[in-house]
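A quick write-up on the structure given underneath.
A note on names: the letters A, B, ... follow the listed sequences, proteins ahead of strands, and every chain is numbered from 1.
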Amino acid sequence: MTHTDTSVSSTPPASSPAALVVLTKRTDFLAAARARREATPAFLLQARKRRAEDADPDIIRVGFTCSKKVGNAVARNRAKRRLREIARQELPNHGYPGWDYVLVGRKDATASREFEALRRDLAKALRAVHKARK
RNA sequence: CAGGGGGGCUGGAUGGCCGCGGCCGUCAGGUCGAGGAAAGUCCGGACUCCAAGAAGCAACGGUGCCGGGUAACGCCCGGGCGGGGAAACCCGACGGAAAGCGCCACAGAAAUGAAACCGCCCCGGCGUGCCGGGGUAAGGAUGAAACGGUGGGGUAAGAGCCCACCGCGGGGCUGGCAACAGUCCCGGCACGGCAAGCCCCACCGGGAGCAAUGCCAAAUAGGGACCCCGUGGCGCGCGAGCGCCGGGACGCUUCAGCCCAGGGGUCCGGGUUGGCAGCUAAAGCGUGCUCGGUAACGAGCCGCUUAGAGGAAUGGUCAUCCACGGGGGUAACCCCUGGACAGAAUCCGGCUUACAGGCCCGCCUGCGCA
């Protein structure tokens with residue numbers, strides 16, 4: 001991946017150094033799914049620390065999965081957008097550079113859970129998944 | 001006012017804060033950014049590539065009353081016919097059954113070149129209410145359907161046996177572009193239904209699809225194996241070449257063109273799966289005007305520019321309002337909760353299906369009022 005297109009955000013204010021890049025490769029999704037995971041009421045977080053040679057160790061990469069199980073196209077889109085929004089807000093502060101994260105939507109719950117709760121869920125899940133590293 | 005029926009529109013609004021994609025721009029910023037169905041992918045096209053052009057035939061598929069509209073259609077408009085409804089109006093695979101084949105279950109005597117179960121009538125017999133022979137399709141019974149229907153004459157009882165009307169068939173005339181309708185004459189009736197069974201007739205149709213396709217860059221390769229048909233003949237010419245025959249790839253045939261030493265098929269191996277184009281100003285849109293047309297629609301003029309992503313943006317969140325539904329509180333009112341169906345992927349024209357609530361315009365029937 002050489003192009004630097006970041007559909008989530010270009011660098012937010014200098015305070016958070018880690019850039020966000022969206023996952024596109026199937027293999028990256030599969031790798032994240034095989035690594036550690038943390039469930040929350042409204043989504044599932046999968047996370048993986050990349051090996052050094054994989055990609056730029058300063059960036060955070062994130063992917064979103066909403067399968068047919070989530071619902072029709074409208075429901076999938078909404079779930080994906082809300083996940084994208086919490087990732088945009090939380091990952092620069094709570095994510096680790098050099099890691100890949102995948103957020104998996106759930107039927108109804110992803111769309112209906114209160115937004116602030118959704119943000120807290122992600123922050124909490126990130127702590128849990130990092131701690132499990134030990 | 002109530003009930004019914006047709007057509008059209010709409011598909012929450014405003015504002016903070018934080019974001020995304022395209023375009024423009026001097027960095028600031030500006031500007032545009034989902035639907036009526038974007039859906040199902042069911043028809044019709046445009047556009048690409050594949051094949052080698054045309055005509056005919058065959059096969060396969062589709063369409064199916066008539067006329068018109070359209071780029072085209074299985075769509076739309078108008079008309080006809082049939083059916084439903086009191087009406088407005090709605091519904092209809094609506095060509096051909098005397099070209100042929102096939103089928104018509106169950107029931108019923110009989111389901112198509114007819115057929116006698118009961119009954120009716122006549123004759124004969126005797127043991128006087130039964131048997132035998134014959135006539136009869138009017139009645140009963142069966143069925144979705146019984147070789148026309150109703151009435152009268154006629155008869156042993158009956159029967160298109162005869163008559164009138166209706167139906168049916170044939171022919172003529174009138175109206176209509178036509179489907180068809182009306183009317184007159186002829187025929188005593190011969191011809192049951194099913195073509196969402198085969199089929200016949202008419203018309204239409206080559207295949208695959210934007211992951212089509214073209215260009216650029218990088219990298220690797222610049223391949224291998226097997227099979228099939230060929231690399232031709234004759235003549236003229238010093239020769240280039242020309243002529244004839246032969247051969248070459250779509251189902252067949254014919255004609256034209258091209259090729260003549262390569263063409264075709266199967267399998268294996270290697271590489272790329274980056275960028276740009278295609279891509280959105282078009283069969284475009286309009287409560288606009290004029291003209292033609294019953295209309296669909298067409299012509300001219302005048303406006304308008306209305307997503308263009310590409311592992312795929314068009315959002316997240318919070319207020320306030322606004323309809324409407326539900327629940328609660330005694331009420332004016334307040335509180336809580338819910339906001340239809342659904343997300344562009346090359347683009348158009350249709351069809352079909354989904355859809356909370358709201359709005360508008362004609363029409364029909366009934367009641368009331370004037």
Gap between atoms [atom1] and [atom2], on [X] and [N] respectively (whole Å):
{"X": "A/L91", "N": "B/rC18", "atom1": "CG", "atom2": "P", "answer": "20 Å"}
{"X": "A/E90", "N": "B/rG316", "atom1": "CD", "atom2": "P", "answer": "18 Å"}
{"X": "A/E116", "N": "B/rG316", "atom1": "CD", "atom2": "C1'", "answer": "11 Å"}
{"X": "A/N77", "N": "B/rG35", "atom1": "CG", "atom2": "P", "answer": "15 Å"}
{"X": "A/F115", "N": "B/rG316", "atom1": "CZ", "atom2": "P", "answer": "10 Å"}
{"X": "A/I86", "N": "B/rU317", "atom1": "CD1", "atom2": "P", "answer": "11 Å"}
{"X": "A/F64", "N": "B/rG315", "atom1": "CZ", "atom2": "P", "answer": "17 Å"}
{"X": "A/R82", "N": "B/rC318", "atom1": "CZ", "atom2": "C1'", "answer": "13 Å"}

Would you classify [N] as syn or anti? Syn applies when the glycosidic angle is within 90° of 0.
{"N": "B/rA93", "answer": "anti"}
{"N": "B/rG158", "answer": "anti"}
{"N": "B/rA34", "answer": "syn"}
{"N": "B/rG95", "answer": "anti"}
{"N": "B/rU306", "answer": "syn"}

Base-pairing assignment for [N] (Watson-Crick or G-U wobble, both under 3.5 Å):
{"N": "B/rU150", "result": "B/rA164"}
{"N": "B/rC177", "result": "none"}
{"N": "B/rG368", "result": "none"}
{"N": "B/rA319", "result": "B/rU14"}
{"N": "B/rG102", "result": "B/rC194"}
{"N": "B/rU48", "result": "B/rA208"}
{"N": "B/rG241", "result": "B/rC236"}
{"N": "B/rG74", "result": "none"}

Rounded at 0.5 Å granularity, tell me how far OG1 in A/T110 sits from CG in A/L103.
9.0 Å

So that I can tick it off, tell me whether A/R88 and A/E85 are bridged by a salt bridge, with the cut-off set at under 4.0 angstrom between side-chain N and carboxylate O.
yes

Under 4.0 Å between a side-chain N/O of A/R84 and OP1 or OP2 of B/rA312, yes or no?
no

OP1 or OP2 of B/rU317 versus the side-chain N and O atoms of A/R119: is any pair under 4.0 Å?
no

Looking at every strand, decide which applies to A/R78 at a 4.0 Å heavy-atom threshold: base, sugar-phosphate, or nothing.
sugar-phosphate

Assess the side chains of A/Q46 and A/R36: does a donor N or O sit below 3.5 Å from an acceptor N or O?
no

Taking salt bridge (Lys or Arg N to Asp or Glu O under 4.0 Å) as the test, write out the residues that go with A/E38, two or more places apart.
none

If you restrict it to nitrogen or oxygen atoms, what contacts under 3.5 Å exist between nucleotides 353-356 of chain B and the protein, and what is each distance?
none

Look at the rings of A/Y101 and A/W99 and say which category their plane angle falls in: under 30° parallel, 30 to 60° tilted, over 60° perpendicular.
parallel

Between B/rG343 and A/R81, counting only base atoms on the nucleotide and side-chain atoms on the residue, is there a donor-acceptor pair under 3.5 Å?
yes

